[in-house]
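The basis for the numbers below is simple: all heavy atoms, side chains too, and nothing from hydrogens, waters or symmetry mates. Residue numbers start from 1 in every chain, and the chains themselves are labelled A, B, ... in the order their sequence lines are given, proteins ahead of strands.
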There are 2 protein chains.
Amino acid sequence: MMSSPKTEAPRKRASFQKKEGPQKQLTREKILEAATQVFADYPYYTASIRMIGKAAKIDHPLINYYFPTKAALFEEVLKRVTEQYYVANISWFEGLRELGPEKGLSLYIDRFLDFALQHPRAFRIITLNLVSAEETEIIPGYQQIQDFFARTTHTFRQAIPLSGSKQDIEMLTTSFNTLAINYLGASTYYAGILGMEPGSRQYMQWVKDSLIYMILPRLKQLLGGTAQ
Amino acid sequence: MMSSPKTEAPRKRASFQKKEGPQKQLTREKILEAATQVFADYPYYTASIRMIGKAAKIDHPLINYYFPTKAALFEEVLKRVTEQYYVANISWFEGLRELGPEKGLSLYIDRFLDFALQHPRAFRIITLNLVSAEETEIIPGYQQIQDFFARTTHTFRQAIPLSGSKQDIEMLTTSFNTLAINYLGASTYYAGILGMEPGSRQYMQWVKDSLIYMILPRLKQLLGGTAQ
DNA sequence: ATTCATATTTATCGATCGTTAAAAACGATA
DNA sequence: TATCGTTTTTAACGATCGATAAATATGAAT
């Protein structure tokens with residue numbers, strides 16, 4: 001008690017190095033993985049730290065050891081998931097321009113659906129939280145979701161130069177993104193309406209058919225147009 | 001005290017008549033109105049009985065006097081809102097067939113947007129809760145939302161007989177509904193992306209332009225086709 | 001004025017929420 | 001083995017949730 005242990009002077013000790021052990025990264029990863037799953041099943045305000053703790057098989061206060069708040073954790077998950085999509089999206093355009101509109105669009109959608117099948121949570125997280133941010137206290141990563149949308153449009157315009165007006169291109173890409181995100185992020189709903197199973201081949205085929213059906217006419221027009 | 005008042009026989013008293021006073025209906029209406037607003041601002045599990053009580057300027061337990069559970073109240077709100085939309089939707093088709101695809105679609109969308117401006121909460125409630133019902137405990141009125149979607153498709157096919165395959169018509173109507181509900185139910189999101197104000201004339205014009213741009217080509221095809 | 005069913009308020013229940021503090025377990029260094 | 005920083009667990013906080021029970025207010029019929 002009292003104080004004055006030894007010299008009293010140094011005091012700094014080992015605070016200059018974080019000493020991040022390997023276990024630290026492992027647990028952090030486990031939490032992020034579990035959080036991605038929970039945030040893909042429940043909208044932000046319905047998902048809970050305790051659910052995530054249970055999914056990660058750790059006690060929930062440990063989450064606050066690695067992430068200061070629930071909002072910060074959500075933003076990290078959102079950042080990863082949208083970044084992953086962004087990178088993949090760029091690759092889907094490779095070698096498309098030579099194929100023409102029909103085959104090009106078809107191949108793009110095939111690649112897109114492949115990704116969606118392997119990473120369904122990305123779409124769920126976006127659709128679950130895209131709508132909720134109105135009137136209510138804004139959702140933590142809201143800006144990221146909007147940026148994500150804007151970036152996919154930008155990628156498209158870079159990869160496939162079209163000859164239409166800016167508004168035409170904007171309408172086309174926004175429609176494609178809206179339909180795609182809805183059909184994949186709310187697949188239970190749409191599959192239910194169509195009398196199909198959400199993850200089935202049949203439903204995926206319908207999504208592809210439907211996207212091509214709606215997008216192709218205008219895409220042809222913008223591609224084949226007066227050239228440029 | 002004791003008992004045996006007069007004959008003792010009747011006992012039933014006034015239980016055969018509910019005696020619903022006028023005030024009862026008034027309060028019930030006030031609760032439904034407030035609930036419609038709150039459920040248009042927050043998804044089901046985020047909205048609370050206490051919010052609704054505050055919006056209706058009553059103490060929240062009174063809500064449980066008129067509605068057994070939060071779920072029952074939500075279902076009632078959903079029923080009213082979708083019914084209102086359903087009835088309006090039928091009227092929007094009046095006199096369209098004579099106009100041809102361009103003018104007909106334009107007028108339909110005008111009527112549709114008029115309704116959306118006057119009843120924005122319908123779209124909010126649907127979009128807010130359409131996605132959330134996956135993995136999670138189902139949302140109370142989920143079936144109603146799906147039925148609502150199916151009914152609008154049915155109305156369309158009744159009003160505008162098309163000459164395409166069943167799948168083509170299904171893809172077209174589903175796309176229209178999906179785009180429309182998203183643009184109006186998540187207007188803050190989409191307007192934000194486009195750099196517009198959610199309720200502005202400019203944004204509404206964009207929605208109309210965009211719907212026509214995407215729907216018209218296939219509509220023309222299905223209308224003008226091999227007739228019959 | 002009294003009675004009594006209806007309508008509304010007050011108080012409270014058990015459950016869950018995000019977060020914090022303190023205790024305990026762990027693991028490498030001395 | 002003892003020490004000490006890091007990681008994990010345990011316990012608890014104040015707040016909010018939907019729902020219930022009991023107390024009170026209201027208002028028409030006797």
Side-chain angles (χ1 to χ4, degrees), chain A residues 5-6 10-31 34-35 38-39 42-77 136-137 139-140, chain B residues 1 3 5-7 10-32 34-35 38-39 42-77 136-137 139-140:
Chain A
K6 295 281 181 184
R11 217 46 175 157
K12 284 188 174 181
R13 273 192 268 218
S15 69
F16 58 93
Q17 180 99 4
K18 270 285 186 79
K19 255 214 175 184
E20 311 191 345
Q23 183 64 15
K24 176 144 187 170
Q25 284 304 321
L26 251 171
T27 306
R28 199 184 134 90
E29 207 58 35
K30 213 163 58 174
I31 292 172
V38 172
F39 283 130
Y42 303 88
Y44 178 73
Y45 289 108
T46 306
S48 82
I49 292 287
R50 283 173 169 84
M51 291 181 195
I52 296 169
K54 184 166 285 184
K57 291 174 188 169
I58 56 161
D59 293 289
H60 71 270
L62 189 56
I63 294 169
N64 284 98
Y65 177 77
Y66 288 93
F67 301 90
T69 60
K70 176 185 175 184
L73 172 58
F74 180 70
E75 290 198 58
E76 176 85 22
V77 167
T136 181
E137 326 80 38
I139 278 191
Chain B
M1 306 243 185
S3 67
K6 296 281 178 178
T7 62
R11 215 37 175 167
K12 286 190 175 181
R13 275 192 267 218
S15 69
F16 59 93
Q17 180 98 6
K18 268 287 187 77
K19 253 215 174 183
E20 312 194 343
Q23 183 64 16
K24 176 143 187 170
Q25 284 305 322
L26 250 171
T27 305
R28 202 185 133 88
E29 206 58 36
K30 212 163 59 173
I31 291 172
L32 279 167
V38 172
F39 283 130
Y42 302 88
Y44 177 73
Y45 288 109
T46 306
S48 80
I49 292 287
R50 284 172 168 85
M51 290 180 195
I52 295 168
K54 184 166 285 185
K57 291 174 188 169
I58 55 162
D59 293 289
H60 69 269
L62 188 55
I63 294 169
N64 283 99
Y65 178 76
Y66 287 93
F67 301 91
T69 61
K70 176 186 174 184
L73 172 57
F74 180 70
E75 290 198 58
E76 176 86 22
V77 167
T136 181
E137 325 81 38
I139 279 192

Rounded to whole Å, the CZ-P distance (B:F67 to C:dA7) equals 13 Å
Is any side-chain nitrogen or oxygen of B:T27 closer than 4.0 Å to OP1 or OP2 of C:dA7? no
Kindly confirm or rule out a cation-pi arrangement of A:K30 over A:Y66, judged by NZ or CZ under 6.0 Å from the six-membered ring centre and within 45° of its axis? no
Assign the ring pair B:F39 / B:F74 to parallel, tilted or perpendicular, where the plane angle (0 to 90°) is split at 30° and 60°. perpendicular
Between atom NZ in B:K30 and atom P in C:dA7, what is the gap in whole Å? 14 Å
Please encode protein proximity along nucleotides 16-27 of chain C as a string of B, S and -, counting only heavy-atom distances under 4.0 Å. -BBBB-------
In whole angstrom, give the distance that lies between atom CG of A:L62 and atom P of D:dT7. 10 Å
Rounded to whole Å, please give me the gap between CD1 in B:I58 and P in C:dT6. 19 Å
Atom-pair distance (CD1 on B:I63; P on D:dT20), nearest Å: 14 Å
Could you tell me the separation between the CZ atom of A:R28 and the P atom of D:dT8, rounded to a whole number of Å? 13 Å
Considering only NZ, NE, NH1 and NH2 on the basic side and carboxylate oxygens on the acidic side, decide whether A:E76 and A:R28 come within less than 4.0 Å. yes
Starting from P on D:dA25, measure out to CG on B:D59 and report it in whole angstrom. 14 Å
Overall bend of the helix from C:dA1-D:dT30 to C:dA30-D:dT1 (five pairs an end, 10° steps) is 30°
Tell me the interatomic distance from A:I31, atom CD1, to D:dT8, atom C1', rounded to whole angstroms. 11 Å
